[in-house]
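Okay, structure first, notes after.
We name chains A, B, ... by the order of the sequence lines, and we start the count at 1 in each one.
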Amino acid sequence: MQHTSEEDDSKARLVSYLLNPEVAYNPDQPVNWEALEADTSLWNLYQEVELPLSAILREMEQIGVRVDVPMLKQAEAKLNNELQTIEQQIYTSVGMTFNINSPKQVGEVLFDQLQLDDKAKKSKTGQYSTSEEVLLALKPKHPVVGLILEYRELKKLISTYISALPNYINPTTGKIHTTYNQTVTATGRLSSSNPNLQNLPIRSERGQLIRQAVIPDEGCLFLSADYSQIELRLMAHFSQDPHLVQAFLSGQDIHAATAAKIFNVSIEEVTKEQRRQAKTANFGIIYGISPFGLAQQLDCSRSEAKALIDGYFAAFPGVIDYIEKQKELARQQGYAVTLFGRKRYLPDILSHNATVRSFAERNAVNSPIQGTAADIIKMAMVTIHRRLKEEGLKAQMIMQVHDELNFNVPLNEVDKVREIVVSEMQHVVHLTVPLIADCGVGSNWLQDH
DNA sequence: AACCTCACG
DNA sequence: ACGTACGTGAGGTTC
């Protein structure tokens, strides 16, 4: 008869995850300690990072996050009114009622009834796509399209966030207690669920209302620190490309510096459009760029996208060398690996299906970058937690959002905690380029940015 | 349960 | 010729 405690089970989960993050954990299988110990890096990640982090995450979950419920209720009433107005405008605009929440019905209204696009693309299930991208392209053709977009934005904010979040408040603590999943992602990142606090709106103006409702405890301020461009800095470190490294060493605006190199102009001469393209290209590089993907993102032709990529690699030759090296390494080893030895197996890297193989190749480029960033912030969380404890501070780490950490900080501790958080984040590992953490303090999450 | 859509890094 | 940007989780509809 096996007697496995919850603690043993969570350790077994971590071991299984480190050995192969994409294989589902099976509690009936014995823990393969030998395999873990045989890999010095994985063993180290287990001992020094994941195991201590596990306790920290449970603590963060228990502490919870405070939310301004009256503010959310007020926003809900207001946005619900707007939603109803838009709903009526939509029905009037097309001369009939239908379920706007149904992509199927929206597609039939736009393409069968209003005939807004003869060659509308259908998915493999025979449905028209009515994604935001498609709707934006259709917007000039009929006033209902813009209304549907606005309806969607409001509906998303209300149903996923504004009306949902108060239901997660624990009546005993009065706070929201998310679950941080430590063994879910393929790359080593955390995820957050019930509710997901890692995807609260920030980009849209209306969405910012929700961040304003995330507040510190009584007598505390909300402190937020995030890594600046950590993934691009890792690309600079890994590739050792002289120009990319130099741009970070001299503290330049990285997207403007990239544009200057690609378009061969001085950094002062870079136009907004050039900077935008360079920024998109930088993201593309981290994702494992393809002309198609970049073209779609920039809304330009594939040949234009290819020219931009060629320009990028001409300007940063170390980057293309690094990308090719990563693909080759994955073919040889069968997995991609982070700076600290976290693995992601890529069996499809040798596939004869070009689509499948290309996916694995992009993973071979992206996983070490995304995964190393995850390793780094996890290590920072461990050292920050330790220092807060050692120095007898009452400040609490309460959230992690991939490249950002958030804290409840008593007023009199703000200066000290800011110094600790920023210096631990910046110095937890030393790379060819500096790691920079920006920090803000305020009376809600939005103010910190 | 699968699909579509969309929120975040 | 094909079908693609990387990683997640949640709400709503459809089957």
Base, sugar-phosphate, or nothing for A/Ser367, non-hydrogen atoms under 4.0 angstrom? nothing
For DNA chain B, which residues in residues 226-238 of chain A have a heavy atom at a distance below 4.0 Å? none
Selection residues 307-319 of chain A - residue pairs positive for side chain to side chain donor-acceptor pair (under 3.5 Å), sequence neighbours left out: A/Asn282-A/Tyr312, A/Lys306-A/Asp310
Atom CZ in A/Arg342, atom CG in A/Asp39: separation rounded to 0.5 Å? 11.5 Å
Give A/Glu132 one of three labels, base, sugar-phosphate or nothing, depending on what nucleic acid heavy atoms sit under 4.0 Å from its own. sugar-phosphate
Short side-chain N/O contact from A/Arg203 to OP1 or OP2 of B/dA7, under 4.0 Å: no
Determine the contact category for A/Asn196: base if any of its heavy atoms lies under 4.0 Å from a base atom, sugar-phosphate if only primed atoms, P, OP1 or OP2 are that close, otherwise nothing. sugar-phosphate
Determine the contact category for A/Ser290: base if any of its heavy atoms lies under 4.0 Å from a base atom, sugar-phosphate if only primed atoms, P, OP1 or OP2 are that close, otherwise nothing. base
The first and last nucleotides of DNA chain C lying within contact of chain A, meaning any atom under 4.0 Å from one of its heavy atoms, run from C/dG3 to C/dC15
Base, sugar-phosphate, or nothing: which does A/Gly284 touch, judged by heavy atoms less than 4.0 Å apart? base
Can you tell me, in whole Å, how much space there is between the P of C/dT4 and that of B/dC4? 11 Å
Secondary-structure notation, DNA chain C, from Watson-Crick and G-U pairs under 3.5 angstrom (| other strand): .....|||||||||.
Residues within residues 292-304 of chain A bordering DNA chain B, heavy-atom distance below 4.0 Å: none
Is the shortest side-chain N/O distance from A/Arg152 to OP1 or OP2 of B/dC6 below 4.0 Å? yes
Describe the nucleic acid contact of A/Val365 in one word from base, sugar-phosphate, nothing, applying a heavy-atom distance below 4.0 Å. nothing
Mind checking the OG1-NE2 spacing from A/Thr185 to A/His402? Nearest 0.5 Å is all I need. 9.0 Å
For A/Ala373, answer base if it contacts any base atom (sugar-phosphate contacts may also be present), sugar-phosphate if it contacts only those atoms, and nothing otherwise; contact means non-hydrogen atoms under 4.0 Å. nothing
Starting at CD of A/Glu153 and ending at P of B/dT5, how long is that distance when rounded to a whole Å? 17 Å
Check ion pair A/Glu50-A/Arg13 (N to O, under 4.0 angstrom): no
Taking the P atom of each, how far is C/dG3 from B/dC3, in whole Å? 16 Å
Between A/His402 and A/Thr355, just flag the one whose closest nucleotide in DNA chain C comes earlier from the 5' side. A/Thr355
Any salt bridge between A/Lys156 and A/Glu132, counting N to O under 4.0 Å? no
Between A/Arg211 and A/Asp448 (salt bridge meaning N to carboxylate O under 4.0 Å), is one present in this structure? no
Rounding to an integer number of Å, can you tell me how far A/Ile158 CD1 sits from B/dC6 P? 15 Å
Do A/Glu273 and A/Gln277 get their side chains close enough for a donor-acceptor pair, meaning under 3.5 Å? yes
Check: A/Gln212/A/Gln447 side-chain N/O donor and acceptor closer than 3.5 Å: no
Base, sugar-phosphate alone, or nothing: which one does A/Ile202 contact when heavy atoms must sit under 4.0 Å apart? sugar-phosphate
Hey, can you tell me if A/His255 and A/Phe283 have their rings parallel, tilted or perpendicular (30° and 60° cut-offs)? parallel
Which part of the nucleic acid does A/Leu200 contact within heavy-atom distance under 4.0 Å: base, sugar-phosphate only, or nothing? sugar-phosphate
Atom-to-atom span, CD of A/Glu205 to C1' of B/dA7 - whole angstrom: 17 Å
Select base, sugar-phosphate, or nothing to describe what A/Thr280 touches, counting heavy atoms under 4.0 Å on all strands. base
With heavy atoms under 4.0 Å as the rule, sort A/Asn194 into base, sugar-phosphate or nothing. sugar-phosphate
Sequence neighbours excluded - side chain to side chain donor-acceptor pair (under 3.5 Å) pairs with any residue from residues 94-106 of chain A: A/Asn101-A/Tyr151
With a 3.5 Å cut-off and no angle check, do the side chains of A/Gln297 and A/Thr280 form a donor-acceptor pair? no
Just by distance, no angles: are the side chains of A/Ser10 and A/Arg58 close enough, under 3.5 Å, to form a donor-acceptor pair? no
Pairwise 5' ranking along DNA chain C for A/Gln127 and A/Lys124, keeping only the more 5' one: A/Lys124
Would you check if there is a donor-acceptor pair between the side chains of A/Glu328 and A/Gln332 at a distance under 3.5 Å? yes
For A/Leu232 and A/Phe248, which heavy atoms make the closest approach, and how far apart are they? O-CE1, 3.6 Å
In terms of ring plane angle, is the pair A/Phe111 and A/Tyr128 parallel, tilted or perpendicular, where the classes change at 30° and 60°? tilted
Which part of the nucleic acid does A/Arg206 contact within heavy-atom distance under 4.0 Å: base, sugar-phosphate only, or nothing? nothing
